[in-house]
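All remarks here apply to the structure that follows.
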Amino acid sequence: MKEKVVVSIGGSVLVPGRDDTAYIRGLADMIGEVSDEVQAVVVCGGGKIARYYTETGGELGGSTFQLDMLGIGATRLNAQLLAVALGGLSSTDVPLTAEEAAERSAPHNVVVMGGTVPGHTTDAVAAMAARALGAARVVNATSVDAVYSDDPRKDPSAKRFSRMTIDELGSVVYKEHGAGRSSVFDPLGIKIAKEEGIDILIVDGRNLPELRNAMLGKGIEGTYVSSR
Ligand code: UTP
């Protein structure tokens, strides 16, 4: 039986607005290749597109619920774009819930999806999908190369973690939230991963060999967050 893996890929990684076509082509080819060995579900974030809609919707007086729904729409649009690149391996008719994603996942396909319901981010959806699927790990393909104790751009002495426990990740994220920054992983996703014993691998999503290693459970340069 193939190992099951869920990838949470940030919108800022998938469609930063530069080299998007070349990156998505390379990503889809890599996923196609590793899908010989692992059964993958890929959850896409909204990035700039989500931000554009939520900010414009906010200026127009949208409620929090409405803005979240706009964000979810953007994540699903990004998921459809990746599904186009995956061709016959995936479907552009993206599942709407984590449970539906797990039901549709099979050894011969790659399920691609975006958000589900208002109130969390796609990192939390990835943890929910991993729980529904019985996956051993969630790979967070993000725009930083590892977890740091502080923002390394502001504090050059910030500690870089190659390995940490899920409780340690929780404290870093809590600190980040306190400072009002966007978090390296959604706190709800961390809670689910801890409860379910799911490991989280934080890797630079633009580095495809690194992302490939994470999907295959090989050594990574990023941070390995162990759930137990
Ligand atoms: P993202 O998952 O892209 O959030 O969803 P983010 O915080 O911008 O993620 P990073 O920084 O790329 O990791 C975009 C927005 O869509 C809504 C939320 O408003 C979120 O901020 N959303 C997404 C939901 O309400 N529910 C979901 O399941 C997913």
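In listed order, ligands and their atoms are each counted from 1. Positions are given from 1 along the sequence.
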Review point. Can you tell which of Asp186, Ile72, Thr116, Val117 makes a side-chain contact (heavy atoms from CB on, under 4.5 Å) with Val125?
Key: Thr116
**Study point:** Modelled atom types, side-chain donor and acceptor of Asp199 and Ser226, under 3.5 Å
**Key:** no
Practice item. Report yes if some N/O of Val125 lies less than 3.5 Å from some N/O of ligand 1; otherwise report no. Key: no
Point to revise | Min N/O separation His120 to ligand 1 under 3.5 Å | key: yes
Check your understanding: Any N or O of Gly10 that comes nearer than 3.5 Å to an N or O of ligand 1?
Key -> no
Review point. Of all heavy-atom pairs between Gly71 and Thr54, which one has the smallest distance, and what is that distance?
Key: N-CG2, 3.9 Å
Check your understanding: Any N or O of Asp68 that comes nearer than 3.5 Å to an N or O of ligand 1?
Key -> yes
Check your understanding: Counting each atom of ligand 1 from 1 as listed, which ones have a heavy atom of Val117 under 4.0 Å away?
Key -> 24 (C), 25 (O), 26 (N), 27 (C), 28 (O)
Practice item. Write down the atom of Glu3, the atom of Arg137, and the distance for their closest heavy-atom approach. Key: OE2-NH1, 2.9 Å
Revision key, fill the gap. Numbered in order shown, the ligand 1 atoms found under 4.0 Å of a heavy atom of Gly45 are 3 (O)
Study note, to complete from the structure: Which of Thr21, Leu27, Asp29 passes side-chain contact (heavy atoms from CB on, under 4.5 Å) with Arg25? It is Asp29
Check your understanding: Quick one: does Thr116 get an N or O within less than 3.5 Å of an N or O on ligand 1?
Key -> yes
Review point. With atoms numbered from 1 as shown, which atoms in ligand 1 lie under 4.0 angstrom from a non-hydrogen atom of Pro118?
Key: 25 (O)
**Study point:** Nearest atoms (heavy-atom pairs only) where Lys4 meets Ala135
**Key:** O-CB, 3.3 Å
Practice item. Between Thr75 and ligand 1, find which residue part has any heavy-atom pair under 4.0 Å and reply side chain, backbone, both or neither. Key: side chain
Review point. Hey, does Thr122 come in under 3.5 Å of ligand 1, counting only N/O atoms on both sides?
Key: yes
Practice item. Using the rule that two of Ile, Leu, Val, Met, Phe, Trp, Tyr join whenever any of their side-chain heavy atoms come within less than 4.5 Å, decide whether Tyr224 and Val144 are in one cluster. Key: no
Review point. Taking the non-hydrogen atoms of Ser12, is any one of them nearer than 4.0 angstrom to ligand 1?
Key: no
**Study point:** For Gly119, the ligand 1 atoms whose distance to one of its heavy atoms is below 4.0 Å
**Key:** 25 (O)
Check your understanding: Rounded to the nearest 0.5 Å, how far does CZ of Arg212 lie from CD of Glu33?
Key -> 4.5 Å
Point to revise | Which atom of Asp93 lies closest to which atom of Arg104, heavy atoms considered | key: O-NH1, 2.7 Å
Revision key, fill the gap. Per-atom filter on ligand 1: closer than 4.0 angstrom to a heavy atom of Gly115 are 27 (C), 28 (O), 29 (C)
